[in-house]
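Take a look at the structure set out below.
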Amino acid sequence: MDTIAIPTLNRPVDATVEIPGSKSITNRALLVAALAQGDSILENALFSEDSKYFAKCLENLGIPISLNPDLAQMQVSGKGGEIPATQADLFVGLAGTAARFISALVVLGNGEYRLDGVPRMRERPMGDMLTVFQTGGTTVNFEGNAGYMPYTIYGQQFAGGHIRIKANQTSQQLSALLMIAPYAQQDTIIEIEGTLVSQSYVKMTCRLMADFGVEVNQIGDNQFHIKAGQRYQAKHYTIEPDASNASYFFAAAAVTGGRVRVKYLTKQSYQGDILWLNVLEQMGCQVREADGYIEVTGPEQLQGIDIDMNDISDLVQTLGAIAPFASSPVTIRNVEHIRYKETERIHAVVTELRRLGVKVEEFPDGLKVEPSLITPAAIETYHDHRMAMAFAVTGLKVPGIVIKDPGCTAKTFPDYFTRFFKMIEQ
Ligand SMILES: O=C(O)C1=C[C@@H](OP(=O)(O)O)[C@@H](O)[C@H](O)C1
Ligand SMILES: C=C(OP(=O)(O)O)C(=O)O
């Protein structure tokens, strides 16, 4: 297995970086562009495993898509809600958004669609959404355990109507239902049973739907009304830089007492993970937004924090990886749902911090990291891009940190290490 040794930086970082487009926005835009009638052009689209699997699924469903990675551009020729292919084998890798959004899309088709992913994807929950479809008359045949990949969906129509769904393990199934709801046979009311995790992503879904011409009426925190017959409008759409992936570069400024500017990101971002800036401010960093970039300047000494990260849970690893450098404990709460992601993330981050000699306590829904001296180690990444990207930042401060399987960043950020090394060379 490949490894990358992280060189320590014995000075504050001082760099300006560019981050590729948001994964979450790219995959939403691909879905709604596929449902619109006519050509949409997506600028600053993300080219990574997650979005390429998504694009390939659309192509296999007969929706023409042309990819221009050099220009970071994708063109989708939407079919107005039709799915031309009547049979398709669809592979989503480890992309949770592709798994959930494509499964919903094929319910609108008229045919037989088999979906599968890598072994870990077969362990990630799909059942709450699939039960909704089954209740509405769609047949789903599971090859293994009910509620998990691989399965075949026999698309007919999405019934819509009054739907109840749980969203305590992932919000992505709710986002998927919302995005196909305008194409249902009747108006749809979606009611959340119990708690909704990762709410900021649902907000992102509704904002993106609005950008493409479809209205969602949200009543309180847990009811969504979508009128049938609304249609997405094909359009030219520019995707923001990925705020989750920007977090590692801002974190580099935070731990080295340096300065990092991320170009083209704004505080008005659709991405909840822009709140990483508030987290860093609370830990002692300074944040400045200017025309065309956001700048973070790290303090001499980071402070600890006690924080509910339910809404920004892709940042748990970033915070975990810099937490040992704070002057007081860092406590992360309310993120039980990250146990269902690329890996069992609470356990993974706790295990790797302990490997580095850090004192850390694991809770059912989070962790507490004590200020600690770090001893060097080779970090296991568990096929999880965020383990590799986050612990590379730790390596800037401590000699001898090695990241195993750095290629796993390809899921959302194929050239992460190239940009990371460019940051330290500036
Ligand atoms: O809808 C989305 O684009 C996402 C929602 C979140 O997942 P959960 O809703 O499963 O927490 C997030 O972790 C993931 O990276 C992207
Ligand atoms: C959880 C993530 O991805 P997904 O659920 O889209 O696979 C992530 O990118 O951190």
Return the minimal non-hydrogen interatomic distance between V369 and P324, and the atom names on each side. CG1-N, 4.0 Å
Quick check for you: to the nearest 0.5 Å, what is the distance between I226 atom CD1 and M209 atom CE? 6.0 Å
For N222 and E191, test the side chains for any donor-to-acceptor distance below 3.5 angstrom and give the result as yes or no. no
Ionic contact status for E295 with R259, cut-off 4.0 Å: yes
State whether E49 and K411 are salt-bridged, where the test is any N-O pair (Lys NZ or Arg NE/NH1/NH2 against Asp/Glu carboxylate O) under 4.0 Å. no
Compute the centroid of each ring, for Y248 and then for F413, and state whether the two points are separated by less than 6.0 Å. no
Do H236 and E43 have a side chain donor and acceptor closer than 3.5 Å? yes
For the CD atom on Q301, are there more than 12 heavy atoms of other groups (residues, nucleotides or ligands in this structure) within a distance under 6.0 Å? yes
Taking every non-hydrogen atom, the tightest pair across G62 and K79: O-CE, 4.0 Å
Reported CD1-to-CG distance for the pair I192 and L174, which is rounded to 0.5 angstrom: 4.0 Å
Can you tell whether the side chains of D308 and R333 come within less than 4.0 Å, N to carboxylate O? no
Minimum heavy-atom separation for P182 to M179, with atom names? CD-O, 3.5 Å
Heavy-atom closest contact (I346 atom, P364 atom, distance): CD1-O, 3.9 Å
Is a side-chain donor-acceptor pair under 3.5 Å present for D39 with S77? yes
So do L31 and F54 actually touch side chain to side chain, heavy atoms under 4.5 Å? yes
Find out whether F101 and T205 are in side-chain contact, i.e. whether some heavy atom of one side chain is under 4.5 Å from a heavy atom of the other. no
Testing Q169, H347, E344 for side-chain hydrogen bond (donor to acceptor under 3.5 Å, both in side chains) with R339, which one passes? E344
Do the non-hydrogen side-chain atoms of E215 and Q230 ever get within less than 4.5 Å of each other? yes
Would E240 and S269 count as having a side-chain donor-acceptor pair, cut-off 3.5 Å? yes
Do Q75 side-chain atoms and L67 backbone N/O form a donor-acceptor pair below 3.5 Å? no
Is K368 salt-bridged to E362, cutoff N-O under 4.0 Å? no
Using 4.0 Å as the upper bound for N to carboxylate O, is an ion pair formed by K23 and D242? no
Between S24 and Q271, is there a side-chain heavy-atom distance shorter than 4.5 Å? no
side-chain hydrogen bond (donor to acceptor under 3.5 Å, both in side chains), that's the test. Do H385 and T409 meet it? Break it down for me. CA-CA 4 Å; H385 53 145; T409 70; over 6 Å; no
Atom OG1 of T256 and atom CD1 of I322: how far apart are they, to the nearest 0.5 Å? 10.5 Å
Value for CD (E370) from OG (S328), rounded to nearest 0.5 Å, stands at 9.5 Å
Rounded distance (nearest 0.5 Å) linking atom SG of C57 with atom CG of L90: 4.5 Å
Between D384 and K341 (salt bridge meaning N to carboxylate O under 4.0 Å), is one present in this structure? no
Heavy-atom side-chain proximity of F391 to E352 below 4.5 angstrom: yes
Whether the side chain of K235 engages the backbone of D211 through a donor-acceptor N/O pair (distance < 3.5 Å, no angle test) should be reported. yes
For atom CD of E300, is the number of surrounding heavy atoms from other residues, nucleotides or ligands below 6.0 Å larger than 12? no
Any salt bridge linking E123 with R120? Criterion: basic side-chain nitrogen under 4.0 Å from a carboxylate oxygen. yes
Aromatic plane relationship, F142 with Y151 - under 30° parallel, 30 to 60° tilted, over 60° perpendicular: perpendicular
Report yes if the side chains of I65 and L30 come closer than 4.5 Å at any heavy-atom pair, otherwise no. yes
In this structure, is the centre-to-centre distance between the rings of Y270 and Y201 below 6.0 Å? no
Assess, by modelled atom type and distance only, whether the side chains of N245 and Y416 contain a donor and an acceptor separated by less than 3.5 Å. no
Carboxylate-amine/guanidinium contact K166 E193, below 4.0 Å: no
With side-chain hydrogen bond (donor to acceptor under 3.5 Å, both in side chains) as the test, would you mind laying out the steps for T238 and N44 before giving the verdict? CA-CA 6 Å; T238 301; N44 198 38; over 6 Å; no
Are Y183 and Y232, when compared by the centres of their aromatic rings, separated by less than 6.0 Å? yes
Search all heavy atoms of P299 against all heavy atoms of G284 and return the closest pair with its distance. CB-O, 3.3 Å
For L373, look at atom CG and say whether over 12 heavy atoms of other residues, nucleotides or ligands are found less than 6.0 Å away. no
With the threshold set at 4.0 Å, does a side-chain nitrogen-carboxylate oxygen contact exist between D116 and R122? yes
Do Y53 and F91 have ring centres separated by under 6.0 Å? yes
Taking 4.0 angstrom as the limit, do K56 and E59 come out as a salt bridge? yes
Check the pair K422, D415 against salt bridge (charged side-chain N to carboxylate O under 4.0 Å, His left out), reporting the backbone distance first and the verdict last. CA-CA 11 Å; K422 231 162 96 185; D415 64 350; over 6 Å; no
Taking the side chain as everything from C-beta on, heavy atoms only, tell me whether R419 gets closer than 4.5 Å to F249. yes
In Å and rounded to the nearest 0.5 Å, what is the CD to SG distance from Q218 to C206? 6.0 Å
Given side chains that start at C-beta, do those of I379 and L356 come closer than 4.5 Å, heavy atoms only? yes
Donor-acceptor side-chain pairing of R288 and Y293 below 3.5 angstrom: yes
